[in-house]
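This is a predicted model, so every value here is computed, not measured.
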Amino acid sequence: MAHTQHGNGDEWERLRLSFTSQSKDETENATPEPSTTDLEPGWRAARALVRIQSDELLAVMLRPSFRPVRDIELVRVLPCPFCLDGGLRTAGTVRTRGGRANVRACDTCAKVEIEQRAQIS
């Protein structure tokens with residue numbers, strides 16, 4: 001199961017603290033997305049995702065290019081296409097070949113989605 005715990009509480013505690021210590025000048029502006037869903041502050045999304053303790057999400061968050069959402073940033077909550085029950089909450093961004101992509105995880109089934117963006121030529 002995707003949200004099992006394997007004694008990685010220290011990593012989760014370190015990541016929880018990194019959400020609050022994110023400096024404002026590190027954050028890059030992402031392309032605005034259409035507002036077809038609910039918005040929530042970054043602190044609420046971060047706390048919801050830390051509670052699920054997904055190993056898959058932890059692996060993405062430990063990438064060197066991962067940047068968590070800031071506490072005051074408004075982020076989208078999308079319906080989960082995997083379990084059709086929970087919400088995909090934004091954890092942050094990660095660098096991909098096409099630029100920075102949003103990382104979202106379901107607060108119910110713990111599935112992780114890295115947004116696919118069209119490459120700009």
S.K.: Is Arg76 close to Leu39 at the side-chain level, that is, under 4.5 Å between some pair of heavy atoms?
M.R.: yes
S.K.: Can you list the residues that meet the side chain to side chain donor-acceptor pair (under 3.5 Å) rule with Glu113, with sequence neighbours excluded?
M.R.: none
S.K.: Please give me the minimum heavy-atom distance between Leu88 and Pro81, naming the atom from each residue.
M.R.: CD1-CD, 3.7 Å
S.K.: For residues Val60 and Ile52: do they belong to one hydrophobic cluster (side chain heavy atoms under 4.5 Å, members Ile, Leu, Val, Met, Phe, Trp, Tyr)?
M.R.: yes
S.K.: Which heavy atom of Ala91 sits nearest a heavy atom of Phe66, and at what distance?
M.R.: O-CZ, 3.5 Å
S.K.: Give me the atom names and distance for the closest heavy-atom approach of Val112 to Val103.
M.R.: CG1-CG1, 4.1 Å
S.K.: Do you know which two heavy atoms are closest between Cys106 and Cys83, and how far apart they sit?
M.R.: SG-SG, 3.7 Å
S.K.: For the backbone of Ser65 and the side chain of Arg100, can you confirm whether one donor and one acceptor N or O come within less than 3.5 Å of each other?
M.R.: yes
S.K.: Against Val75, only a single residue in Arg104, Arg89, Glu40, Arg70 fulfils side chain to side chain contact (heavy atoms under 4.5 Å, CB included); can you say which?
M.R.: Glu40
S.K.: If you look at every heavy atom in Ile114 and Ala101, which pair is closest and at what distance?
M.R.: CG2-CB, 4.0 Å
S.K.: So does Gly86 get a backbone contact from the side chain of Asp107, meaning a donor-acceptor N/O pair under 3.5 Å?
M.R.: no
S.K.: Between Trp43 and Val69, is there a shared hydrophobic cluster once you connect ILVMFWY residues whose side-chain heavy atoms come closer than 4.5 Å?
M.R.: no
S.K.: Considering residues at least two apart in sequence or located in another chain, which fulfil the side chain to side chain contact (heavy atoms under 4.5 Å, CB included) criterion with Arg51?
M.R.: Ala48
